[in-house]
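Read the structure below first, then the notes.
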Amino acid sequence: LAAGDDHTCAVIQGGVAQCWGWNYYGQLGDNSNNPRSTPVTVSGLTSGVTAIAAEGIFSCAVVNGGVKCWGNGSAGQLGDGVAFPATGYSVTVPVDVVGLTGQALTIEAGGGTTCAQLDTSETYCWGAGYGGQLGQGDANSRSTPVRLPLPAGSVTQLSIENEHVCARLLDGSLRCWGVNVYGQVGNGVSLVSPTPVEVLDIEPAQWTYMLYLAGDNDLSSFFNLISSELEKLPASAALNMVIFFDGQGTDDNYIWSTRDGALSKVRLDESESNTGDPATLTNFIEWARANFPAQHYYLSIADHGRATSGI
């Protein structure tokens with residue numbers, strides 16, 4: 001069973017693949033673009049299906065050891081070798097993924113990227129790679145599979161989200177790669193990682209101090225001051241500082257953070273920094289707690305850069 005953004009696919013008895021839901025790009029695989037409120041059988045997949053994956057605009061399945069995909073393939077995620085046309089590319093029936101060196105055992109899909117684990121103990125990925133999510137050390141998308149640069153037989157579990165990928169290895173450690181704006185790669189920094197890096201086992205600090213600054217004119221003068229003051233902080237494993245800054249302009253929305261004296265600054269889109277939305281504060285707190293674990297937490301909220309309250 002697999003669920004995409006707006007459609008669902010399942011393998012039922014006899015190895016039959018069925019899908020239902022949104023079908024604008026042909027992601028149901030029934031040779032149409034019509035949405036379906038009840039399951040329809042994917043064209044040609046009436047037996048031999050052992051695994052299935054559904055992403056927002058495409059789907060893939062393991063069929064008798066091979067891999068077939070259908071739906072939108074504009075980033076190469078169908079794996080059929082078709083180059084990336086400027087106008088987009090979609091198919092409404094399954095096509096073969098080409099170039100795999102063995103029989104596929106599992107299939108995962110997310111954010112325009114697809115990966116399969118083979119009986120050769122290797123993992124291959126294809127599709128969107130603009131954020132390094134194919135793990136090849138570059139930002140290139142690919143319409144045919146490329147081998148993931150991890151030791152053969154080491155990957156026991158794989159998960160793909162919007163723009164990053166993570167794997168659990170045989171020794172229990174984790175590797176992640178791809179877009180890392182919010183620290184989702186887990187290596188302690190917020191820089192894109194185009195190759196797999198180890199997820200750090202960070203010892204919790206004593207305190208994580210969170211400062212939430214809602215912006216107006218008063219905050220404009222603090223923009224560079226905060227950064228310079230954070231850089232002066234001594235390295236300390238006992239204290240993390242995370243500051244959410246929403247300035248008045250459209251290009252001064254950031255999260256600053258320090259861990260062991262290292263300063264990191266991540267720019268946010270306007271859609272991610274609406275301090276008038278309670279969900280923005282909730283998301284900030286959850287992100288800070290996940291990425292900067294501590295024994296204790298303190299939150300300060302600055303009211304237009306003037307009064308400050310803390311909890």
Side-chain angles (χ1 to χ4, degrees), residues 4-5 53 55-58 60 67 69 72-86 88-89 97-101 104 106-118 122-152 154-169 173-202 254-255 257 259 262-269 271-272 287 290-291:
D5 290 347
E55 198 270 345
I57 55 178
F58 73 100
C60 293
V67 177
C69 295
N72 184 272
S74 58
Q77 62 265 48
L78 301 185
D80 58 353
V82 175
F84 319 113
Y89 166 61
V97 173
V98 298
L100 293 174
T101 61
T106 67
I107 189 77
E108 298 288 340
T113 302
T114 315
C115 295
Q117 291 179 267
L118 308 184
E122 297 175 309
T123 301
Y124 278 75
C125 297
W126 59 94
Y130 55 84
Q133 57 266 56
L134 296 183
Q136 302 300 303
D138 56 38
N140 298 324
S141 298
R142 290 169 169 84
S143 60
T144 56
V146 289
R147 190 181 69 83
L148 194 63
L150 287 171
S154 63
V155 177
T156 62
Q157 184 181 2
L158 197 70
S159 180
I160 307 176
E161 202 20 74
N162 190 25
E163 296 174 320
H164 76 290
V165 185
C166 289
R168 184 185 300 277
L169 304 190
S173 63
L174 303 176
R175 299 291 189 278
C176 293
W177 57 97
V179 173
N180 194 26
V181 174
Y182 301 107
Q184 57 264 52
V185 169
N187 61 340
V189 297
S190 298
L191 302 174
V192 169
S193 179
T195 57
V197 294
E198 186 171 5
V199 175
L200 299 180
D201 184 12
I202 299 174
Y254 289 88
I255 289 181
S257 60
R259 179 186 281 118
L263 175 64
S264 175
K265 185 167 65 173
V266 178
R267 182 177 173 182
L268 301 173
D269 294 332
S271 61
E272 301 171 308
W287 179 87
N291 289 275

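Residues C69 and D80 fail the side-chain proximity criterion, which asks for heavy atoms closer than 4.5 Å. Inter-residue side-chain proximity for C166 and L174 is flagged as unmet; no heavy-atom pair is nearer than 4.5 Å. Contact check for S193 versus N180: no side-chain heavy atoms found under the 4.5 Å cut-off.
The main-chain N or O of F58 is never found under 3.5 Å from a side-chain atom of N72 such that the two would form a donor-acceptor pair. Between the S154 side chain and the L169 main chain, no donor and acceptor come within less than 3.5 Å of each other. For T113 (side chain) and A128 (main-chain N/O), a donor-acceptor pair under 3.5 Å exists by modelled atom type. With hydrogens and angles ignored, the 3.5 Å screen pairs no side-chain donor or acceptor of T195 with any backbone N or O of G137. Side-chain atoms of E122 do not come within 3.5 Å of backbone N or O of A152 as any donor-acceptor pair.
Enclosure of atom CD in Q136 by more than 12 non-hydrogen atoms of other residues, nucleotides or ligands within 6.0 angstrom is indicated.
Nearest approach of T144 to G81, heavy atoms of both residues: CG2-CA, 3.6 Å. Nearest approach of G135 to P149, heavy atoms of both residues: O-CG, 3.1 Å. Closest non-hydrogen pair, V82 versus S143, comes out as O-CB, 3.2 Å. Counting all heavy atoms, side chain and backbone alike, A167 lies closest to V155 at CB-CG1, 4.1 Å. Considering every non-hydrogen atom in both G131 and V192, the closest pair reads O-CG1, 3.4 Å.
From N187, atom CG reaches atom CH2 of W177 across 13.0 Å, with rounding to the nearest 0.5 Å. Considering CD1 of I107 and CG of L158, their distance stands at 9.5 Å, rounded to 0.5 Å. Interatomic distance, Q77 CD to C125 SG, rounded to the nearest 0.5 Å: 13.0 Å. With rounding to the nearest 0.5 Å, the separation of SG in C115 from CG in L148 is 6.5 Å. Separating the OG atom in S173 from the CD atom in E198 is a distance of 5.5 Å, to the nearest 0.5 Å. In this structure, CD in Q117 is found 7.5 Å from OG1 in T156, a value given to the nearest 0.5 Å.
For D138, the salt bridge (Lys or Arg N to Asp or Glu O under 4.0 Å) partners at least two apart in sequence or on another chain are R142.
When each of L100, L78, V98 is tested with V67 by the rule side chain to side chain contact (heavy atoms under 4.5 Å, CB included), just one qualifies, namely L100.
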